[in-house]
Amino acid sequence: MTIRGKFGGLDDAGRVAVMAAGGAAYTEDGSFTHDASVSAFTFRCQVPAGPDDGEDEAALGAMAALDAHGHPYEILRIAVTDMRQIKIRRKGRGV
């Protein structure tokens with residue numbers, strides 16, 4: 001999941017916490033990348049999915065992970081990549 005948004009009223013302690021949770025990895029806790037002023041952000045997280053879960057359940061899980069960080073925010077866009085749908089093509093071995 002990738003959530004793009006902007007922070008609302010982030011204080012100095014919040015800025016420090018966001019910078020500490022920085023990175024581009026997709027983890028269950030989530031990580032932030034942000035602009036220089038720490039006002040706009042991209043939040044990346046991995047949401048475990050059950051066999052019948054869809055995009056709505058994934059979005060709710062990602063928002064819960066973002067809420068767990070405790071910072072005020074406004075969501076601008078949410079993107080879902082269902083890893084169950086990705087097919088890996090392996091290159092054939094040369095003879």
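- Under the side-chain hydrogen bond (donor to acceptor under 3.5 Å, both in side chains) criterion, Ser39 pairs with Asp35, Ser37, not counting sequence neighbours.
- By the side-chain hydrogen bond (donor to acceptor under 3.5 Å, both in side chains) test, Arg4 pairs with Thr42, sequence neighbours left out.
- Heavy-atom minimum distance, Ala58 versus Val80: CB-CG1, 4.5 Å.
- Under the 4.5 Å side-chain contact rule for hydrophobic residues, Phe32 and Val16 do not share a cluster.
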Indicate every side-chain donor-acceptor pair of residues 62-69 with a distance under 3.5 Å to a residue at least two apart or in another chain.
| from | atom 1 | to | atom 2 | distance (Å) |
| --- | --- | --- | --- | --- |
| Asp67 | OD1 | Tyr73 | OH | 2.5 |
| His69 | NE2 | Asp29 | O | 2.9 |

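- By the side-chain hydrogen bond (donor to acceptor under 3.5 Å, both in side chains) test, Asp52 is found to be paired with no residue, residues two or more places apart in sequence or in another chain being considered.
- There is no path of hydrophobic side-chain contacts, each under 4.5 Å, that joins Ile3 to Leu76.
- Each side-chain hydrogen bond (donor to acceptor under 3.5 Å, both in side chains) pair with one or both residues in residues 6-16, not counting sequence neighbours, would appear here, but there are none.
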Side-chain polar contacts of residues 17-28 - donor-acceptor pairs under 3.5 angstrom, sequence neighbours left out - could you list them?
| from | atom 1 | to | atom 2 | distance (Å) |
| --- | --- | --- | --- | --- |
| Tyr26 | OH | Thr2 | OG1 | 3.0 |
| Thr27 | OG1 | Gly30 | N | 3.0 |

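- With rounding to the nearest 0.5 Å, the separation of CG in Leu60 from CD in Glu55 is 12.0 Å.
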Q. Would Arg44 and Thr33 satisfy side-chain contact (heavy atoms from CB on, under 4.5 Å), going step by step from the backbone distance to the final call?
A. CA-CA 8 Å; Arg44 293 173 174 85; Thr33 55; 3.1 Å; yes
